[in-house]
Amino acid sequence: MEDLKKIGIYFRFTILFILIIAILVMGGLWVYSSYSTFNRESRQLKEEYIASQKDLIQSEVNRVIDEIDYHKSTMKENSRIIFEKKDLRHMTLL
């Protein structure tokens, strides 16, 4: 009878041990899955952020280039007018 009690206790501990191992394995898989999802989503967010910043920088560079072109064209027009005025003054002096 005492042997049956020992067998019952060993059986309970074995079942408990197997249950604990199963819970740990399932928990580990759950944590791994969550971590993988987090890494994938963070990588995607990083790529989207970098792409948006590249677009922003490109638009700013284009804006500055347009500004330089505008000033360059107005400078050419202004210098043409200045040269014409100097030429007229020179003609009037003669």
Side-chain angles (χ1 to χ4, degrees):
M1 187 74 169
E2 196 172 299
D3 289 337
L4 285 178
K5 285 184 181 180
K6 285 183 180 179
I7 291 175
I9 291 173
Y10 288 137
F11 180 74
R12 286 183 190 136
F13 280 126
T14 303
I15 295 296
L16 183 62
F17 179 73
I18 291 172
L19 186 62
I20 289 172
I21 295 296
I23 289 172
L24 289 176
V25 167
M26 288 173 42
L29 289 174
W30 178 71
V31 168
Y32 176 76
S33 173
S34 296
Y35 183 73
S36 295
T37 303
F38 170 77
N39 276 340
R40 185 176 58 251
E41 289 175 356
S42 66
R43 190 172 32 251
Q44 182 181 1
L45 285 173
K46 179 182 174 183
E47 289 171 1
E48 289 173 1
Y49 177 76
I50 289 172
S52 70
Q53 291 301 307
K54 282 182 181 179
D55 291 342
L56 178 66
I57 290 170
Q58 187 62 47
S59 67
E60 284 298 309
V61 167
N62 289 337
R63 186 187 63 78
V64 169
I65 289 172
D66 291 342
E67 184 85 14
I68 290 171
D69 289 342
Y70 170 75
H71 285 292
K72 194 190 266 184
S73 69
T74 57
M75 187 174 72
K76 283 181 182 179
E77 182 65 28
N78 288 341
S79 55
R80 186 184 62 78
I81 292 171
I82 290 170
F83 285 132
E84 285 178 0
K85 285 182 181 179
K86 283 184 179 180
D87 194 35
L88 284 176
R89 274 192 248 156
H90 180 66
M91 296 294 252
T92 56
L93 291 175
L94 291 175

> Going hydrophobic residue to hydrophobic residue with side-chain gaps under 4.5 angstrom, can you get from Val25 over to Phe17?
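Cluster IDs for Val25 and Phe17 match.
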> Quick one: pull up CG in Asp69 and CD in Glu67 and give me the separation to the nearest 0.5 Å.
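Output value for this atom pair is 10.0 Å.
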> Side chains of Met26 and Trp30, heavy atoms from C-beta outward: is any pair under 4.5 Å?
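A side-chain contact under 4.5 Å is absent here.
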> Have a look at Val64 and tell me which of Val61, Ile68, Asn62 forms a side chain to side chain contact (heavy atoms under 4.5 Å, CB included) with it.
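That would be Ile68.
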> State the CZ-CG distance between Arg12 and Leu19, to the nearest 0.5 angstrom.
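Between atom CZ of Arg12 and atom CG of Leu19 there are 15.0 Å.
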> Give, for atom OG1 of Thr37 and atom OH of Tyr32, the distance between the pair rounded to the nearest 0.5 Å.
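Between atom OG1 of Thr37 and atom OH of Tyr32 there are 10.0 Å.
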> Distance from Leu45 atom CG to Glu41 atom CD, nearest 0.5 Å?
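Those atoms lie 7.5 Å apart.
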> Please identify which of these residues, Lys54, Glu47, Gln53, Glu48, meets the side chain to side chain contact (heavy atoms under 4.5 Å, CB included) condition with Ile50.
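In the set Lys54, Glu47, Gln53, Glu48, the residue that makes a side chain to side chain contact (heavy atoms under 4.5 Å, CB included) with Ile50 is Lys54.
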> Roughly how far, to the nearest 0.5 Å, is CG of Leu16 from CD1 of Ile21?
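So the gap between those two atoms works out to 10.0 Å.
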> Salt bridge (Lys or Arg N to Asp or Glu O under 4.0 Å) with Glu60: which residues, sequence neighbours excluded?
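Checked Glu60 against salt bridge (Lys or Arg N to Asp or Glu O under 4.0 Å); matches are Arg63.
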> Atom OG of Ser52 and atom CD1 of Ile57: how far apart are they, to the nearest 0.5 Å?
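The CD1 atom of Ile57 is 9.5 Å from OG of Ser52, to the nearest 0.5 Å.
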